[in-house]
Structure formats: structure tokens, C-alpha cells
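Below: one structure, written as C-alpha cells.
Note that ligands are numbered from 1 as they come in the structure, with each ligand's atoms numbered from 1 the same way. Computed over heavy atoms, backbone and side chain alike; hydrogens, waters and symmetry mates excluded.
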Amino acid sequence: MLKDSGTLYVVATPLGNLDDFSPRAVTILRAVDLILAEDTRHSRKLLDHFAITTPVQSYHEHNEAVRVNEAIARIGKGQSLALISDAGTPLINDPGYCLVQAAHAEGISVVPIPGPAAVIAALSVAGLPTDRFIYEGFLPARQSGRLRRLGELSHEERTMIFYEAPHRLQGCLEDMVSSFGGERQAVIAKELTKQHEAVRKDSLLNLKAWLAEDKQRLKGEFVLIVAGRPESGETIPRDEAIRVLQLLMKNMSLKQAVSLASEILGENKNRLYQLALGIKGD
Ligand code: SAM
């Protein structure tokens, strides 16, 4: 830490339930010289509720460059600043990366005040392996980009965590069914810590059907968690395996096609053999 310089605190705020705001977060936000908030009007409600009267300035992607310089200058003069976002932990799909990076470059001490993050809250109740997991944030908005990203993840063995907007959720599940197979286990965690909180664990296909049953279910904020690829058993979606086998079987024997498909898809030979017999029978 630079001599005489202040500290940058990165402070988590509640996802919905104000009781999740930690006493330490309140103490720090009262004590710092300035709070940088993603949306000052949004954060005002939280700060007023906890009688935090510290001055607040906006910090978002459109004024990031200017704010980083100002903040670093203030901290250099001995002030301490806190960064908050609209909900959860700053920098987790929220602004702050440039500021934290700049603070490190200047030798400023950066202190976390930990608290809620939807990714961890959802994972903790998902009932899927938590020893190894990956956080993918939001998938690309366009279907082509989304399918490409999901394709890259088709061999991923770790539990996968995604954030998704309500209007893209059904399309996203549909693409996950075609990329991972409809039987893959997954969890929808919606409105965590809020009135309409729901956590639903089922196969991707059943989750898609569950969402389609009731329009209300598509409202709110969502985390989607998908089990990693099983080490054995059905891994490649049936349709995809059949498509590859059909192409190969046009030009080679069933046995060769199964062997090559197994290499291409990284799929169990026995399963491919059964599928190939079915294709031949047709
Ligand atoms: N910084 C936040 C965090 O720590 O989780 C994430 C901010 S990101 C802009 C907003 C996304 O987080 C939402 O679209 C949703 O995917 C997820 N999210 C935030 N609050 C949530 C909640 N209460 N329940 C479920 N998902 C939530």
C-alpha cells in the first residue's frame, strides 16, 4: 500500500432481502469519504434505509474512464472510497473492473467487504457438484453466438453457472437441450432472497416445459446452473450423434463409422453402436 493513501473497498449489497446487508458493509459505507454506485438513484433507497449519509457518485460503464482517474486521485490524497453496484457483488457482471485494476497498478490497497452474489447463492442450493464449477455470466444474446459458446462447453465436466435475462431464458434452454442433451440435469434459481424465490431442479427438457406452463414463471431474475458432462453415459445429444453417424455410414461400414464417430464426438462406442444399429434397421 502507498504511504498515506486511502483504501478502496469493494462492498457487496443485498440481492433483494435487506437483511442480507452485513453490519460491516454498513460501517464501511458510513465511514468512507465517497461511495461510487452503479446507479445512484437505485442505491439511494438502500443507503437511506441504513441511514448512510456518505456522498454518492455514479460509476458506470459510460463514465468509467473519468471516474477511475478521479477516484485514484482522491485515494492518493488519503481518502477512502467504496464501490457498490445495484445488487450483489460489484465486478460480478457489474462495473468496477477498471477501477480495481487501476488501484492495483497504483499500489492502492483494495479490500473486499463480502456478501451476496447470485452465482454463489444459486450454487449453494442447486444440489449439483460444487467442488469444481465455472461461471459463464451471460451467454451471447444472438442465437448463433450462444450456440457457438454452448458448443465450446459441450465437453465441460464442471458444473456450469449462467446468468440469463427472462426474455432469453426459453431460447437459452432450447439451445442447451440441443447442445447438452435434454436429459442433462439443471437448476433454475429465480428471484433469490425475494418474495417469488424459486429453485427448481430437473432435466433441461423438463425445466423448459415447466417454464412454458405458466407465464409468471418467466418473470424476474434468473440463474441457470447446468450439470457438467457426465464421465460416462449419455453425453452427446442423441440427434447430434445420429446425424454424425448417418453422414459417416454413407461412406463406410457400420463398424468404421462407429469408431470414427466415437473419436470425433468423444462418445462411448457402445452407445454409438446401438444408435448405428437403429439407423441401419430404419
Ligand atoms: N453483481 C450481481 C451478483 O453479484 O450476482 C449480478 C449483477 S448482473 C447485472 C444481474 C443478473 O444477476 C441477473 O440478470 C440475474 O441473472 C442475476 N441475479 C441478480 N439477482 C438475482 C436474484 N435475486 N435471483 C436470481 N438471479 C439474480
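- For ligand 1, the atoms lying closer than 4.0 Å to a non-hydrogen atom of Ala189 are 25 (C).
- The contact set between ligand 1 and Lys194, taken as ligand atoms under 4.0 Å from a residue heavy atom, comprises 23 (N).
- When non-hydrogen atoms are compared, ligand 1 lies under 4.0 Å from the side chain of Asp94 (C-beta onward) but not from its backbone.
- Which parts of ligand 1 touch Glu191 is read off a 4.0 Å heavy-atom cut-off, strictly below it: atoms 23 (N), 24 (N), 25 (C).
- Between Leu153 and Ile134, some side-chain heavy-atom pair lies under the 4.5 Å cut-off.
- At the top of the distance list for atom 22 (C) of ligand 1, counting protein heavy atoms only, stands Leu192 N, 3.5 Å.
- In the model, Gln256 has no side-chain atom that pairs as donor or acceptor with a side-chain atom of Ser259 under 3.5 Å.
- Of all protein heavy atoms, the one lying nearest to atom 25 (C) of ligand 1 is Glu221 O, 3.2 Å.
- What sits closest to atom 26 (N) of ligand 1 on the protein, heavy atoms only, is Val223 CG2, 3.4 Å.
- Considering Glu183, Gln185, Arg184 in turn, Arg184 is the only one that fulfils the side-chain contact (heavy atoms from CB on, under 4.5 Å) rule with Pro230.
- A side-chain donor-acceptor contact under 3.5 Å links Lys190 to the backbone of Lys219.
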- Arg132/Glu157 under salt bridge (Lys or Arg N to Asp or Glu O under 4.0 Å): CA gap, chis, key distance, verdict: CA-CA 9 Å; Arg132 295 172 74 217; Glu157 289 178 359; 5.0 Å; no
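- When Ala198, Ala118, Pro166 are ranked by how near their heavy atoms come to atom 17 (C) of ligand 1, first place goes to Ala118.
- Asn17 and Thr193 form no side-chain donor-acceptor contact under 3.5 Å, judged by distance and modelled atom types alone.
- Atoms of ligand 1 found under 4.0 Å from any heavy atom of Ala87, numbered from 1 in the order shown, are 1 (N), 2 (C).
- Within the listing of ligand 1, atoms 1 (N), 3 (C), 4 (O) sit less than 4.0 angstrom from a heavy atom of Thr89.
- Ranking protein heavy atoms by distance to atom 3 (C) of ligand 1, first place goes to Tyr163 OH, 3.5 Å.
- Residue nearest to atom 8 (S) of ligand 1, selected from Leu91, Ile84, Asn93: Asn93 (by heavy-atom distance).
- Only the backbone of Phe222 comes within 4.0 Å of ligand 1, counting heavy atoms alone; no side-chain atom from C-beta on gets that close.
- At under 3.5 Å, a nitrogen or oxygen of Ile92, whether backbone or side chain, sits near a nitrogen or oxygen of ligand 1.
- Ring centroids of Tyr135 and Tyr163 are separated by less than 6.0 Å, placing the two rings close together.
- If you number the atoms of ligand 1 from 1 as listed, the ones under 4.0 Å from a heavy atom of Phe138 come out as 11 (C), 14 (O).
- For Phe21 and Phe50, the ring centers sit closer than 6.0 Å to each other.
- A salt bridge between Arg148 and Glu152 is absent, with no side-chain N of the basic residue lying under 4.0 Å from a carboxylate O of the acidic one.
- Inter-residue side-chain proximity for Ile242 and Leu275 is flagged as met; some heavy-atom pair is nearer than 4.5 Å.
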